[in-house]
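Predicted, not measured: the structure shown is a model, and the values here were computed from it. Numbering starts at 1 and runs along the sequence shown.
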Amino acid sequence: MPELVFFSGTMDCGKSTLALQIEHNRSTRGLQGMIYTRDDRAGRGKLSSRLGLVTEAVEAGDDLDFYAHVVGTLTAGGRADYVIVDEAQFLAPPQIDQLARVVDDLGLDVFAFGITTDFRSKLFPGSQRLVELADRIEVLQVEALCWCGARATHNARTVGGEMVVEGAQVVVGDVNQPGTEVGYEVLCRRHHSRRMTAAAARAAALSPDVLPVDPTSPAPIPAPASGDTGETPWTAS
């Protein structure tokens, strides 16, 4: 049976890489898919991975009707055996409904990839609708890690290297962007709630020692214990 599958995870956990892998596996078996994306890091009409892989895609703007677009392609003599949608969190809820209709009325598998929550830990509307409608939800098994080594569960936005919790929900950026640019970083829940990014943690670690030590001074000689003369004890042989 065809399915609407939602592959979810934080940033930097391999969602786009998996989307490209599914496209590769199916295309090598003679199947042909329709690929959509939204606001990809490589530019308009591109589906790219941080590993350097990229393929052409249809840019899914606010006015795109997925169901009408797929039907139009089929009516014009095109072929579609499945549908892949990357950055699905940016879609409007009605567009998710259209993807569900592609599954139910056209009998095509739809694979949607996206992050679940934004930098404020709030659900994206598109992701929320996918959670409500998907036949299956797959959490990506390639875990992104917080700077502390724990599993990253939250996306943080940084401006000028500092974490922010206010602003527009959608601002395009990438992970680990330094300087004054808008960037993103994945954190565990504890460090997201404390607004402790990797840069903030390094700044805290570089604070001066309370008791600085001169490496050229000799180590102090401990005082003898009570009743100890400091001499080596002698025993008869």
Is there a donor-acceptor contact under 3.5 Å from the side chain of E138 to the main chain of F6?
no
Is there a donor-acceptor contact under 3.5 Å from the side chain of Q32 to the main chain of D81?
no
Do L31 and L106 share a hydrophobic cluster, counting only Ile, Leu, Val, Met, Phe, Trp and Tyr and linking them when any side-chain heavy atoms are less than 4.5 Å apart?
no
Is there a chain of hydrophobic side chains (I, L, V, M, F, W, Y, each step under 4.5 Å between heavy atoms) that links V102 to V5?
no
As an exercise, state the distance from CG of L99 to CG of D104, rounded to the nearest 0.5 Å.
11.0 Å
Evaluate the side-chain proximity of M196 to W147: yes if any heavy-atom separation is below 4.5 Å, no if none is.
yes
Take atom CD in E162; do more than 12 heavy atoms of anything else shown fall under 6.0 Å from it?
no
Under a 4.5 Å cut-off applied to non-hydrogen side-chain atoms, are Q95 and R129 in contact?
no
Got T37 and V85 here, is their nearest side-chain heavy-atom distance under 4.5 Å?
no
Within this structure, what is the OG1-CD distance for the pair T28 and E23, rounded to the nearest 0.5 Å?
9.0 Å
Would you kindly confirm whether F90 and L130 end up in one hydrophobic cluster when ILVMFWY residues are joined by side chain heavy atoms under 4.5 Å apart?
no
V70 vs L108 side-chain heavy atoms within contact, under 4.5 Å
yes
With a 3.5 Å distance limit and no angle check, can you tell me whether Q128 reaches the backbone of Q89 through a side-chain donor-acceptor pair?
no
Can you measure from CD1 (I84) to CZ (F113) and round to the nearest 0.5 angstrom?
6.0 Å
Does any non-hydrogen side-chain atom of L20 lie less than 4.5 Å from one of H24?
no
Do M34 and T73 have side-chain heavy atoms sitting under 4.5 Å apart?
yes
Close side-chain approach of S16 and L47, heavy atoms under 4.5 Å:
yes
Does some side-chain heavy atom of V83 sit less than 4.5 Å from a side-chain heavy atom of D109?
no
Please tell me whether V58 and F111 are part of a single hydrophobic cluster in this structure, the criterion being side-chain heavy atoms less than 4.5 Å apart.
no
Would you name the heavy atoms of S8 and T116 that are closest together and state the gap between them?
CB-OG1, 3.5 Å
Partner of M163 by side-chain contact (heavy atoms from CB on, under 4.5 Å), out of E185, H191, H192:
H192
If you round to the nearest 0.5 Å, how far is OG1 of T197 from CZ of R157?
15.0 Å
May I have the step-by-step check of side-chain contact (heavy atoms from CB on, under 4.5 Å) for T17 and Q21, ending in yes or no?
CA-CA 6 Å; T17 302; Q21 185 67 55; 5.6 Å; no
Are V110 and I137 grouped together when hydrophobic residues (ILVMFWY) are joined by side-chain heavy atoms under 4.5 angstrom apart?
yes
Kindly say whether R44 contributes a backbone atom to a donor-acceptor pair with the side chain of E59 at under 3.5 angstrom?
no
Using modelled atom types only, decide if a donor and an acceptor are shared between the side chain of D86 and the backbone of R38 within a distance under 3.5 Å.
no
Where is the tightest heavy-atom contact between A88 and I96, given as atom of each residue plus distance?
O-CD1, 4.4 Å
Looking at the rings of H154 and F119, which for Trp means the six-membered one, are their centres under 6.0 Å apart?
no
Please determine whether a side-chain nitrogen of the Lys or Arg among R101 and D105 lies less than 4.0 Å from a carboxylate oxygen of the Asp or Glu.
yes
For the atom pair CG (L4) and CG (D97), what is the distance rounded to the nearest 0.5 Å?
10.0 Å
Heavy-atom closest pair (L133 atom, A100 atom, distance to 0.1 Å) is CD1-CB, 4.2 Å
Residues H69 and Y36: closest non-hydrogen pair is ND1-OH, 2.8 Å
Short question: side chain of S127, backbone of I115 - any donor-acceptor pair under 3.5 Å?
yes
May I ask you to check whether over 12 heavy atoms, not counting those of R29, lie within 6.0 Å of atom CZ?
no
Less than 6.0 angstrom from the centroid, inside 45 degrees of the normal: does R26 satisfy that with respect to the ring of Y82?
yes
Atom pair SG/CZ of C146 and R190 - distance to nearest 0.5 Å:
8.0 Å
